[in-house]
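Worksheet: the structure to be examined is printed underneath.
When a residue number appears, it is its place in the shown sequence, counting from 1.
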Amino acid sequence: MTLYDLPNLERVLKAEGVEVLSQLSDLRIKGVRKLAFPSLPSVETFNAIGNTEYSNNGDGGASILWGIAGSMHNLKKLSIVCFYELKVLPNELNSLSSLQELHISGCNKLESIAECVLQGLSSLHVLKFTFCISLKSLPEGMTNLTCLESLEISECDHLILPATMNKLTSLRQLRFTGGDKNGTLPNGLEGIPSLQNLYLSSFPSLVTLPDWLGTMTSLQTLEIRQCHRLTSLPASFQGLINLHELHIYECPMLVDRCKQGTGEDWLKIAHVPKLELTVEPEPSFYEKMMSLLKSRLLWRIRFDIFDMMIDDDLL
């Protein structure tokens, strides 16, 4: 069921008619501020989108999120998108013991996640934070996510990872996009024992990769993208004995050093069976200016495309 742009909707059915929704498994809402959820025990996927236009009206509809846990006990996939005034997640979310995927995106004022919120999510396999530009920290209690297999953090420029990341013993995939402010990778990435797939993108100030990368011996796939100042791989890279795939895109200096036979870093990667090294041509001044203008325009409209992304199951 999809309910879009119904700001005055307070209920879908009267209490005596709730049984009509007893088989509902997928619910999507956008711009629905006042809806009081009936009991929806069969709902497994819930996508909640706030108002995709900035507004100074109250909480921007975020109060509707406080009814989720009490109504959808068997929820497995939850997306919370474009609630611009949302500052904290409801503590009640920790009762969603069946939740397997949680995606928080475009919540500009969300600064931190309370310790208790993640503690009860014992079935969580996938966790994503994207375009949460004020998010500064994740709780140390992430160690309770014993089933977490995939973590994605994108465009959360101020986020500091907890020091306990190495206790996420089920984590297999980590995708990290953007966020370098001092030319280094975020602290906390090192020492994750079971990590198999690592994706690093858009670290414009990153010059070299840390030595600890070579200690991640379970790593099977590594992708590095859009790190234009990255010049070399650490000597420890040869220690990645289980690395099967290495993809390097839009890192011109690094690609040059990794050229087969002649590159200074070639011997560090020669043991990797599948290599893909690609350099995009350097854009002209005009192209750079057009890209900058487009990025400013896209920032205004990027959250409008979340509707389409959700419809295509891309979130």
Side-chain angles (χ1 to χ4, degrees), residues 25-28 40-49 65 68-69 71-81 89-107 110 112-132 135 137-156 159 161-162 164-177 186 188-201 216 218-223 242 244-245 306 309-315:
S25 62
D26 189 325
L27 177 61
R28 306 179 182 199
L40 299 169
S42 62
V43 170
E44 296 185 349
T45 300
F46 180 45
N47 295 315
I49 310 174
L65 302 176
I68 294 174
S71 302
M72 307 176 200
H73 308 295
N74 297 311
L75 199 61
K76 293 182 178 179
K77 183 177 180 180
L78 172 62
S79 296
I80 298 174
V81 180
L89 292 178
N91 291 343
E92 292 79 8
L93 292 182
N94 65 7
S95 66
L96 296 174
S97 58
S98 298
L99 194 67
Q100 298 177 8
E101 297 187 28
L102 175 61
H103 184 188
I104 313 295
S105 186
C107 297
L110 183 66
S112 61
I113 311 297
E115 195 79 29
C116 64
V117 171
L118 298 180
Q119 286 181 347
L121 304 182
S122 57
S123 300
L124 198 66
H125 291 172
V126 178
L127 178 60
K128 300 180 182 180
F129 294 97
T130 59
F131 302 109
C132 294
L135 187 61
S137 63
L138 297 179
E140 298 288 333
M142 280 188 65
T143 54
N144 294 306
L145 302 178
T146 56
C147 293
L148 188 66
E149 296 179 354
S150 178
L151 174 63
E152 178 177 342
I153 299 171
S154 179
E155 305 300 335
C156 301
L159 182 63
L161 297 176
T164 53
M165 289 284 291
N166 59 356
K167 296 183 179 179
L168 294 172
T169 56
S170 296
L171 192 63
R172 302 287 186 268
Q173 176 171 293
L174 176 60
R175 301 177 66 89
F176 211 111
T177 302
L189 296 183
E190 66 272 21
I192 303 175
S194 55
L195 198 64
Q196 296 178 357
N197 306 299
L198 177 60
Y199 176 97
L200 302 171
S201 178
M216 305 179 77
S218 60
L219 207 60
Q220 297 179 11
T221 302
L222 173 61
E223 181 170 323
N242 293 310
H244 295 156
E245 296 185 27
F306 275 113
M309 293 174 68
I310 286 178
D311 288 337
D312 293 333
D313 199 26
L314 296 177
L315 288 181

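- The closest side-chain donor-acceptor pair between Glu140 and Thr164 falls under 3.5 angstrom.
- Rounded to the nearest 0.5 angstrom, Thr45 OG1 and Leu27 CG are separated by 10.0 Å.
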**Request:** Evaluate the criterion side chain to side chain contact (heavy atoms under 4.5 Å, CB included) for residue pair Val126 and Leu102; output intermediate values, then yes/no.
**Result:** CA-CA 6 Å; Val126 178; Leu102 175 61; over 6 Å; no
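- Nearest approach of Lys167 to Thr143, heavy atoms of both residues: CB-CG2, 3.7 Å.
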**Prompt:** Going through the checks in order, is the side chain to side chain contact (heavy atoms under 4.5 Å, CB included) test met by Leu78 and Ile68?
**Reply:** CA-CA 10 Å; Leu78 172 62; Ile68 294 174; 4.0 Å; yes
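- Phe129 places a side-chain heavy atom less than 4.5 Å from the side chain of Leu135.
- Closest non-hydrogen pair, Met142 versus Leu168, comes out as O-CD2, 3.1 Å.
- Here Gln119 pairs with Glu115, Cys116, Asn144 under the side-chain contact (heavy atoms from CB on, under 4.5 Å) rule; sequence neighbours left out.
- Under a 3.5 Å cut-off, the side chain of Arg28 and the backbone N or O of Asp26 do not form any donor-acceptor pair.
- Donor-acceptor pairing under 3.5 Å is lacking for the side chains of Ser154 and Arg175.
- Closest of all the heavy-atom pairs between Ser122 and Ser97 is OG-O, 3.9 Å.
- Of the possible polar contacts, none joining the Thr221 side chain to the Asn197 backbone as a donor-acceptor pair under 3.5 Å is found.
- Using a 4.5 Å heavy-atom threshold, the side chains of Leu161 and Ile153 count as touching.
- In this structure, CE on Met72 lies 14.0 Å from OG on Ser98, to the nearest 0.5 angstrom.
- For the atom pair NZ of Lys76 and OG of Ser25, the computed distance is 10.5 Å after rounding to the nearest 0.5 Å.
- With contacts defined as side-chain heavy-atom distances shorter than 4.5 Å, the pair Thr177/Glu155 qualifies.
- Using modelled atom types, one finds a donor on one side chain and an acceptor on the other under 3.5 Å when comparing Thr130 with Ser105.
- A distance of 8.0 Å separates CG in Leu151 from CZ in Phe176, rounded to the nearest 0.5 Å.
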**Prompt:** Given Cys147 and Ser123, is the side chain to side chain contact (heavy atoms under 4.5 Å, CB included) satisfied, shown in steps?
**Reply:** CA-CA 6 Å; Cys147 293; Ser123 300; 5.7 Å; no
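- The structure places CG of Leu118 at 7.5 Å from CG of Leu124, a figure rounded to the nearest 0.5 Å.
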**Message:** Between Thr169 and Thr146, is the side chain to side chain contact (heavy atoms under 4.5 Å, CB included) condition met? List the steps.
**Reply:** CA-CA 7 Å; Thr169 56; Thr146 56; 5.9 Å; no
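- Here the shortest heavy-atom pairing between Pro139 and Ala114 reads CG-O, 4.1 Å.
- Under the 4.5 Å side-chain criterion, counting only non-hydrogen atoms from C-beta, Asn91 is in contact with Val117.
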**Item:** Test side chain to side chain donor-acceptor pair (under 3.5 Å) applied to Arg172 and Ser194, step by step
**Value:** CA-CA 6 Å; Arg172 302 287 186 268; Ser194 55; 3.0 Å; yes
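- What you find for Ser218 and Pro193 is that their closest heavy atoms are OG-O, 3.1 Å.
- Closest approach of Leu171 to Met165, counting heavy atoms only: CD2-CE, 4.5 Å.
- Between the CG atom of Leu159 and the CG atom of Leu138 there is a distance of 4.5 Å, given to the nearest 0.5 Å.
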